[in-house]
Amino acid sequence: MSNNKNTSMFSAELIGPAFKQSFIKLNPRLMFRNPVMFTVELGTIVMLIVTIYSFSVQDATIGNFGYNLTIFIVLFLTLLFANFAEAIAEARGKAQAESLRKTRQQTPAKKINVIGEMYVDEVTVVPSSQLELGDRFVCEAGDTIPMDGEIIKGIATIDESAITGESAPVIREAGGDKSSVTGGTKVLSDKIIVKVTTQPGETFLDKMIALVEGASRQKTPNEIALTILLAAFTLIFLIVVVTLKPFADYANTPISIAAFISLFVCLIPTTIGGLLSAIGIAGMDRALRANVIAKSGKAVETAGDIDVLLLDKTGTITIGNRKATNFYPAPGIDEKDFIKYAVLSSFADDTPEGKSIIELAGVLPSSYQISKPVFIPFTAETRSSGVDYDNITIRKGAFDSMKVLAEKAGNKMPDETNEQVKYIAENGGTPLVVNVNNQVKGVIELQDIIKPGISERFDRLRKMGVKTVMVTGDNPLTAKYIAQKAGVDDFIAEAKPEDKMNYIINEQQSGKLVAMMGDGTNDAPALAQADVGVAMNSGTQAAKEAGNMVDLDNDPTKLIEIVEIGKQLLITRGTITTFSIANDVAKYFAIVPALFITSIPALQALNIMRLESPESAILSAVIFNALIIPFLIPLALRGVAYKPIGATALLRRNLLIYGFGGVIVPFIGIKLIDIVVGLFM
């Protein structure tokens, strides 16, 4: 995939297949999906018949053969140019899909034989296509992962460059939110046991190929609405052109069939009609080039209209992997005893924070001789973890959770500990309180660092009109400190999975569109509820299934880029539509006066371009109408540059450039073409 990221927009390997597809797409059954270009195709067919007929018949209404043939060729080229725009956009996706297909290959899998839930030591080497949902396989250093799955045992360094294009290896391990692995990636070190989470043919790579090729692309709601609007314009101009016939008869002005068809094709919005599909495909392609897989064009489009953005604090706003920096025993508690309690409470804590506590203590939990320990893992509900042994209960967790446990047992939180907790929180740290038999023994300080430049990025979002919300499990004091430092608009402290969901629902009920990111199973409900849900590729299968986008780079700040890509898609579609409709003004002044100038000399005043003759005026307008499509293809594929300058300023800027420009450019273009055409007539 990385090889295609910098593929030239019009490289030789893309132009050939796209040119061929331009002819294949002339099939009326395919053209019918685009009402504007379908009517142009009907007009082209009529012109072909008229051209053949005019070869042997001389009539004012039919026109001469050479002129008709020229109009037919130009109309035919208009169709090809419009088809080429869509075909070149699809070809770029297919080139990326071909690269991905090379990654997807039959890989030998070391399948583990399972009896019930007990592993048998022996493994059977089978082709990856024979692995089924729920099977287990083992991978060691040098092995290619044969199928999508989740690590259920072990930790490994994995090369994901075949999927993400990034050469830096990543670490995946069992028991956390970074347990997902993708078929086709390679294990660089250590050994892991993986449980298959997909059926053959339904892997992430298979879905990715289908999406990249455009096989799964459906028109977005905005695209459908615009198509209906363009179809309505087409119908209106059809009525306008048809009603010109009796008016021409009344004025004793013979108008050829070629002139009627030319007028119709030039007045309907052929420019945006020819480029509409290409703009939508290119939007998904830009997301892919940012290493984001959008499951539908609707997701990319919706991202451009987002009002509220939910971001996890850890790893997004802060660098992540908070580390223990200090131990603060409660009054009367020996520091060595407190460190022992802190270490034992972290025995079952697989989080980076839990591991950092053991690292800071410099003591392994196994060095403490305890009998029959029962490990209590961390949960979002209890917001604590710990261990039970010999009638001793040790818990480590959030201040309020530990305070409730202590007070329920009739034990008071020491004032010194309260002050220490407040001090840590006010300075951006996270206090973890340790209880033994529901008595407070002290506080562990965790510290994290706000990412440099993050406040500037939030400022950009604010200028876009997007409200940023930080989601964190920290207490309100710490959350408020980080939120103010980072420059977010709001925060959710001590967040549980249902808190995210409720916040999203409340915002949606007030008419807002919400985006969020997540990587854990507990994020899945909120990802599914959000209008744009971005799952990390390293996250759990549940998260990836729930979201409508997957970030291959596992970069939570990618949401900001996704919003910009969505806005760029909407702006590109809007500006080219504006330009297309503005074009009609110039074409009107070129063709309508030309049709009636002989019988109604007063219309000469409308011939402001001073075109050579009625025939050259019509032909020049049709040629310009055809040529403007290939000229705009690079803009449609690359997208209009987006700047966070506010909606009003953005509208004013685009109306000036593409509205006013859409009127001026055709006047200049048609006049220049008329000069050239006049030399041959």
Side-chain angles (χ1 to χ4, degrees), residues 1 97 99-160 162-164 170-188 190-213 215-216 293 295 519-525 527-528 535-548 550 552 554:
M1 185 169 138
S99 175
L100 290 171
R101 278 199 179 88
K102 293 176 183 176
T103 304
R104 185 188 63 182
Q105 54 186 336
Q106 281 288 358
T107 306
K110 300 173 184 175
K111 181 182 176 183
I112 300 174
N113 297 317
V114 179
I115 300 176
E117 290 298 317
M118 299 297 293
Y119 296 118
V120 175
D121 289 337
E122 63 182 73
V123 298
T124 305
V125 178
V126 299
S128 57
S129 59
Q130 292 185 15
L131 289 175
E132 296 181 357
L133 186 67
D135 284 347
R136 274 88 164 170
F137 61 84
V138 63
C139 279
E140 300 174 277
D143 290 346
T144 298
I145 295 174
M147 185 71 77
D148 292 2
E150 289 196 24
I151 301 172
I152 56 176
K153 187 176 181 182
I155 181 172
T157 305
I158 296 176
D159 176 9
E160 294 185 341
I163 303 297
T164 66
V170 296
I171 295 175
R172 300 286 175 261
E173 60 181 317
D177 288 337
K178 297 189 182 299
S179 60
S180 178
V181 291
T182 305
T185 57
K186 189 175 182 179
V187 176
L188 298 179
D190 301 295
K191 178 180 178 180
I192 51 174
I193 294 175
V194 182
K195 180 179 179 180
V196 177
T197 54
T198 56
Q199 294 283 9
E202 298 178 3
T203 66
F204 180 70
L205 204 55
D206 289 314
K207 292 176 181 177
M208 190 170 163
I209 290 170
L211 288 164
V212 168
E213 283 187 315
S216 300
I293 297 296
K295 296 182 181 179
D519 56 5
T521 300
N522 63 350
D523 291 323
L527 284 169
M536 301 296 101
N537 187 40
S538 63
T540 62
Q541 191 67 26
K544 289 196 282 188
E545 290 293 334
N548 49 23
V550 178
L552 300 178
N554 307 303

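As the structure is a prediction and not an experimental result, all values here were calculated from the model.
Closest approach of Ile151 and Glu173 over heavy atoms only: CD1-N, 3.8 Å. The minimum heavy-atom distance linking Val194 with Ile192 is given by the pair CG2-CD1, 3.8 Å. Listed here is the closest heavy atom pair of Thr198 and Val196: O-CG1, 3.1 Å. Looking at every heavy atom in both residues, Gln130 comes nearest to Asp135 through O-OD2, 4.2 Å. Lys153 and Ala174 get closest at one heavy-atom pair: N-CB, 3.6 Å. Across Ala546 and Ala524, no two heavy atoms sit closer than the pair CB-O, 3.3 Å.
The structure places OG of Ser128 at 11.0 Å from CG of Asp148, a figure rounded to the nearest 0.5 Å. Within the model, atoms OG of Ser179 and CD of Glu150 stand 4.0 Å from one another, a figure rounded to the nearest 0.5 Å.
Between Thr185 and Thr144 there is no side-chain heavy-atom pair separated by less than 4.5 Å. Contact annotation: the side chain of Pro108 never approaches that of Val126 to less than 4.5 Å [non-hydrogen atoms, C-beta and beyond]. Using a 4.5 Å cut-off on side-chain heavy atoms (C-beta onward), Phe137 and Ile145 make contact. Inter-residue side-chain proximity for Leu188 and Ile158 is flagged as unmet; no heavy-atom pair is nearer than 4.5 Å. Pro127 is not listed as a side-chain neighbour of Pro146, based on a closest heavy-atom distance of 4.5 Å or more.
When the side-chain hydrogen bond (donor to acceptor under 3.5 Å, both in side chains) test is applied to Lys110, the partners found at least two apart in sequence or on another chain are Glu140, Asp143. Under the side-chain contact (heavy atoms from CB on, under 4.5 Å) criterion, Asn548 pairs with Ala299, Val532, sequence neighbours left out.
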Would Ile112 and Ile193 count as a side chain to side chain contact (heavy atoms under 4.5 Å, CB included) if you check the C-alpha gap in whole Å, the side-chain angles of each, and the deciding distance to 0.1 Å? CA-CA 9 Å; Ile112 300 174; Ile193 294 175; 3.8 Å; yes
Could you check Arg136 against Ile152 for side chain to side chain contact (heavy atoms under 4.5 Å, CB included), going step by step and ending with a plain yes or no? CA-CA 9 Å; Arg136 274 88 164 170; Ile152 56 176; 3.7 Å; yes
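No more than 12 heavy atoms of other residues, nucleotides or ligands lie within 6.0 Å of CD1 in Ile171, so this atom counts as exposed by the packing criterion.
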